[in-house]
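This report concerns only the one structure given below.
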Amino acid sequence: MIITDIIAKKRNKLELSTDEINFFIKGVTDHSIKDYQISAMLMAICINSLNKRETYDLTMAMAKSGSMLDLSEIPSIKVDKHSTGGVADAVTLALAPLTASLGLPIVKMSGKGLGHTGGTIDKLNSIPNFNTEIKIEKAIEQVKNINIVLMEQTQDLVPADKILYNLRDVTATVESIPLIASSIMSKKLASGADAIVLDVKCGSGAFIKDFDNAVKLSEIMIDIGKKAGKRTVAIITDMNQPLGNSIGNSIEVVEAIEILKGNITGKLKDIILVLGSYMLLLGNKTDNLDKAKLMLEENIINKKGLEKFRELIDAQGGNSNIIDDYSLLPCCKYKAEFISEYDGYITSIDTSKIGAACVETGAGRHKKDDKIDYGSGIILKKRIGDKIQKNEIIAEVFASSKEKIENALSVLSTAFSIGNEKIIPSNIILGILDNKI
Ligand code: URA
């Protein structure tokens, strides 16, 4: 087979065979296909798309490009959760210990921040000494002992995705539905889960901006799950404003702990309860979503979720005293307030700009190797629909230099719209798709 013929076929809107897709991914993984050829292929896919069969073949070829984890040593059903990427999305930090405290074994591999979106690994690494680089044998041992591990993806998990993702990032080909679906599902299938709950973000802070495309992405991912024999539920959630109020790393850890302490309610907690309910259902911990929600709420009230988070931090070498004393977490020297120039209501928030402003504070990366400033970030004081007066604080900004503060404030100044009419923010859950196998 010749790669230029395969690229030309997709350029001409023709369907690729399973063998051609396997050839492409093999060449990506063993570096026999050059970056410029991979990039051309990615652009051809981005423009002309892949059908469901091609997307499934691409997913399986990617999943098999590295090692496929075998978690069968851990008894009971393993349910994995994945978010397509959002802003102020500290869900995993609270959801994982909460569901683990109800007997669901959690082996969760997460990533670092991507573009304007945050990453669970960066948030966890803001806890002093917390180790996220764990070998799979040790991870399995930890789950047998305390029912939970939160870790970075192992190096040999879907190596093809690492190569493709890095090229997508610099060739304007991230926002392709079959490429997003295969990237996410290949990692889920390779990480050995029995069932999958997907949080598909939709809106100004997500890779997918509109509802119809969020449905398409969800349909394709649950179809891949079905073909692979895994029950998969996709929950489409609103990302037209940051999910929680804290956007950064250590400040998101604090928000997650506050949820586990039962001190805060709101959209972040609502999503945790919905995703958690499906995880417990798919994991056979209950037969009913209403019961599942009550179980989760109970383990917030009785602090079992919080204590599971403490156990997790201890097991992974972190300082669990942060749970009782937030001053042990990294913080920043400079603080500024982003102030409203008008009276009115917050009518919309360009959430990707909030994420971008957060990167300017140092809480995210401009380049892959940038060092993160774990204590920096933004705390939102107003959300869509809130009344605001001139000179009132919309957000607080934390950074380690005045320059970073200024840069973040400048991005924030274009992120909020203020008008005269009170807007009712959209529901947090926009749709649920279930392959019901
Ligand atoms: N998250 C992923 O893992 N891959 C994508 O392509 C987009 C979001």
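Order of listing sets the numbers, starting from 1, for every ligand and every atom in it.
The pair Asp212-Lys216 fails the salt-bridge criterion, with no side-chain N (NZ, NE, NH1 or NH2) lying under 4.0 Å from an Asp/Glu carboxylate O. A salt bridge links Asp122 to Arg365: at least one charged side-chain nitrogen sits closer than 4.0 Å to a carboxylate oxygen.
Closest to atom 3 (O) of ligand 1 by heavy atom, among Lys201, Lys188, Lys187, is Lys187. Among Leu179, Val158, Ile184, Asp169, the residue whose heavy atom sits closest to atom 1 (N) of ligand 1 is Ile184.
Using a 4.0 Å cut-off between heavy atoms, Thr84 contacts ligand 1 through its backbone alone, with no side-chain atom that close.
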Determine whether Lys304 and Glu307 satisfy the following criterion, salt bridge (charged side-chain N to carboxylate O under 4.0 Å, His left out), listing intermediate values before the conclusion.
CA-CA 5 Å; Lys304 286 192 178 161; Glu307 289 317 308; over 6 Å; no
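Numbered from 1 in the order shown, with element, the atoms of ligand 1 that lie under 4.0 Å from a heavy atom of Ser183 read 2 (C), 3 (O), 4 (N), 5 (C), 6 (O).
Interatomic distance, NZ of Lys78 versus OG of Ser191, reported as 12.0 Å (0.5 Å rounding).
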